[in-house]
Amino acid sequence: MPKITYIEHDGKEHVLEVASGLSVMEGAVKNAVPGIDADCGGACACATCHVYVDPAWKEKTGDPSSMEMSMLDFAEGVEDNSRLSCQIKVTPELDGLIVRMPKSQH
Amino acid sequence: MSDIARIVILGAGQAGGEAAQRLRTGGFKGELTLIGEEPYPPYQRPPLSKKYLSGEMDLEHLLLRPPALYEEENIAVLKGVRAVWVDRTTRRVRLEGGRELPYDALILATGARARKLPVAGADLGGVFVLRTIADVDAIQKQFQPGAKLAVIGAGFIGLEAAAIGRKMGLDVTVIEAAARPLARVVSPETAGFYLDEHAAHGVRFALSAMPVIIKGAERVRAVGMSDGAEIAADIVIAGIGITPETSLAQHAGLHVDDGIIVDRAARTSDHAIYAIGDCAKRPVHHYRDRLCRLESVHNAIEGAKVVAATILGQEPPHEEAPWFWSDQYDLKLQIAGLFSGYDRIVRRGELKDRAFAHFYFAGERLIAVDAVNKPGEYLGAKRLIEKDLKVSPETLADNSVPMKTIVANAGS
Ligand SMILES: Cc1cc2nc3c(=O)[nH]c(=O)nc-3n(C[C@H](O)[C@H](O)[C@H](O)COP(=O)(O)OP(=O)(O)OC[C@H]3O[C@@H](n4cnc5c(N)ncnc54)[C@H](O)[C@@H]3O)c2cc1C
Ligand code: FES
């Protein structure tokens, strides 16, 4: 299973194996990693699953859709590498992915 | 908090499940029991009328958290068990079968029941409501291409089921007592758009139409209407609203009025008992503390945050503007705020582009937004409402200024 490293805002790291097919958001929620709220459960409706994708992985995770980009516009502390983690599907190519969590999702 | 050693949560839906989790992450070390009548740990209902109904999502994805996590956090989840009595004097909950559980704090998160059709024949085979996994599992078996589906009630759940029905090749008729769909939840302007969309996808509508009987021998054959007409049907889904599950609260003598009445801290009229989620009626801060019974994921999660903070003696969360979404075909509707009492609507974007937002004003004040495929407009308006920022209708109607700029320039 692909390994994903989730880094909390305070620097705490969680290295997890996440099954392909799940989203990066689900990988966190199903393992009780704090820092991703995901209020809408992955429906791309809430923007509370914001993460920063490690720059080395930006290309492999692809580009956000225009809907996702409009939501990110309103996320707190948005950066070039901001994504909604429910919109990133875990695939074998993402083995080693590193994402960082923002200070707050609200 | 120090005197609270045992917390019982009644109802293992989204509100109950989130409350249990937040109590633990917030530092509660005592006994924590979550009691649910359904045979599943807490799951999300929104996909039931969307991707779970269409078969694109499975049970594992529906569960809010894997069952093992409850064990790890020492949360006792009693599944398939119904609570039948709350004794306030001895602070005990009695379960079906007689077992009794003592509590120091009791959280009622009993949700709501789908209303059954109040007509003869409603118990025939092929007639369903849509609230639980069990409901959808039964519906799915009959969701075959070419089958005739009659949806009674053009609310969100009914229309979402209609959209999935069309996607799966069913022949779909929507029957609605009001003159337009979504009458309770959006303006005529937004409703009109959805009516046209469903019609374009091949859904037939019977509006201002009252079903009076479900006809058939063992299974439904047709829906009989008040004017004598018949609408042929192999499957009927009734989406005619929900009734909050308040029977235990009522028997216990708590203050109940179309929902268990609670204060801002989620306390009922008995201060050892709290109520959250669909079963509760609570003051909504951004709307001058109007008492509302909200039916949404937002309300379930916020209730869980509030009750955990109250019990643990922690800072309460900032209240969000009520929010909701609905997925139909490729349209994502996002709603923030409460639109009742509006006197003016402003549109950004165009209906024909299938991407627009309707902003609702009451006097000078922006009170709500419906955004279709316009998530920025939704989030922007939500922020304006939550921060009580002023913005003019004319500014919002100006499509040449990005929503982000409008929000950044809005004054307090
Ligand atoms: C088909 C469908 C689609 C939806 N779509 C959306 C959407 O897109 N967006 C959105 O924001 N909201 C949506 N909602 C609404 C949202 O899912 C609900 O508001 C939310 O689930 C309410 O959570 P709750 O925990 O308060 O209640 P519930 O989910 O109803 O949970 C209450 C639980 O308590 C149990 N219970 C009741 N009485 C007892 C008892 N005496 N003993 C033991 N257990 C008991 C019930 O069996 C139930 O499992 C949808 C709802 C449905 C049904
Ligand atoms: S979980 Fe809601 S947008 Fe990602």
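A note on names: the letters A, B, ... follow the listed sequences, proteins ahead of strands, and every chain is numbered from 1. All values below come from the heavy atoms of this structure, side chains included, with hydrogens, waters and symmetry mates left out.
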Handout entry: Side chain proximity check, B:Met403 to A:Phe74, heavy atoms < 4.5 angstrom
Key = yes
Exercise for the section: For B:Leu379 and A:Met71, run side-chain contact (heavy atoms from CB on, under 4.5 Å): C-alpha distance rounded to whole Å, both residues' side-chain angles, the deciding distance at 0.1 Å, then the answer. Expected result: CA-CA 7 Å; B:Leu379 285 173; A:Met71 309 255 301; 3.9 Å; yes
Handout entry: Value rounded to 0.5 Å, distance of CG in B:Leu63 from NZ in A:Lys30
Key = 6.5 Å
Exercise for the section: Give a yes or no on whether the backbone of A:Asn31 and the side-chain of B:Arg65 come within a donor-acceptor separation of less than 3.5 Å. Expected result: no
Problem - A:Met67 side chain near B:Lys332 side chain, heavy-atom distance below 4.5 Å - result: yes
Completion exercise
Among B:Glu18, B:Gln44, B:Glu377, the residue with the most heavy-atom pairs under 4.5 Å to chain A is B:Gln44
Exercise for the section: Report the option among B:Glu60, B:Glu72, B:Glu73, B:Arg383 that has the most heavy-atom pairs separated by less than 4.5 Å from atoms of chain A. Expected result: B:Arg383
Exercise for the section: Counting only heavy atoms closer than 4.5 Å, note whether A:Ala38 contacts chain B via side chain, backbone, both or neither. Expected result: neither
Problem - Exceeds 12 heavy-atom contacts within 6.0 angstrom, atom CG of A:Asp10 - result: yes
Handout entry: Contact origin within B:Tyr378 toward chain A - heavy atom pairs under 4.5 Å
Key = side chain
Practice task
Enter the distance from B:Gln334:CD to A:Cys46:SG here, rounded to the nearest 0.5 Å.
Solution key: 9.0 Å
Problem - Other residues, nucleotides, ligands: >12 heavy atoms within 6.0 Å of B:Asp353 CG - result: yes
Exercise for the section: Could you please spell out the steps behind the side-chain contact (heavy atoms from CB on, under 4.5 Å) verdict for A:His106 and B:His318? Expected result: CA-CA 9 Å; A:His106 280 279; B:His318 285 294; over 6 Å; no
Practice task
Mind listing the closest non-hydrogen atom pair of A:Val29 and B:Leu69 along with its distance?
Solution key: O-CD1, 4.0 Å
Fill in the blank from the handout: The reported gap from CD in B:Glu302 to CG in A:Asp39 (rounded to nearest 0.5 angstrom) is 9.5 Å
Exercise for the section: Look up atom SG in A:Cys40 and atom NE2 in B:His298, then write down how far apart they are to the nearest 0.5 Å. Expected result: 13.5 Å
Practice task
Among the options A:Ala47, A:Ala75, A:Ala43, pick out the one with the most heavy-atom pairs lying under 4.5 Å from chain B.
Solution key: A:Ala43
Exercise for the section: Select one option (side chain, backbone, both, neither) describing which atoms of A:Ala45 are under 4.5 Å from chain B's heavy atoms. Expected result: both
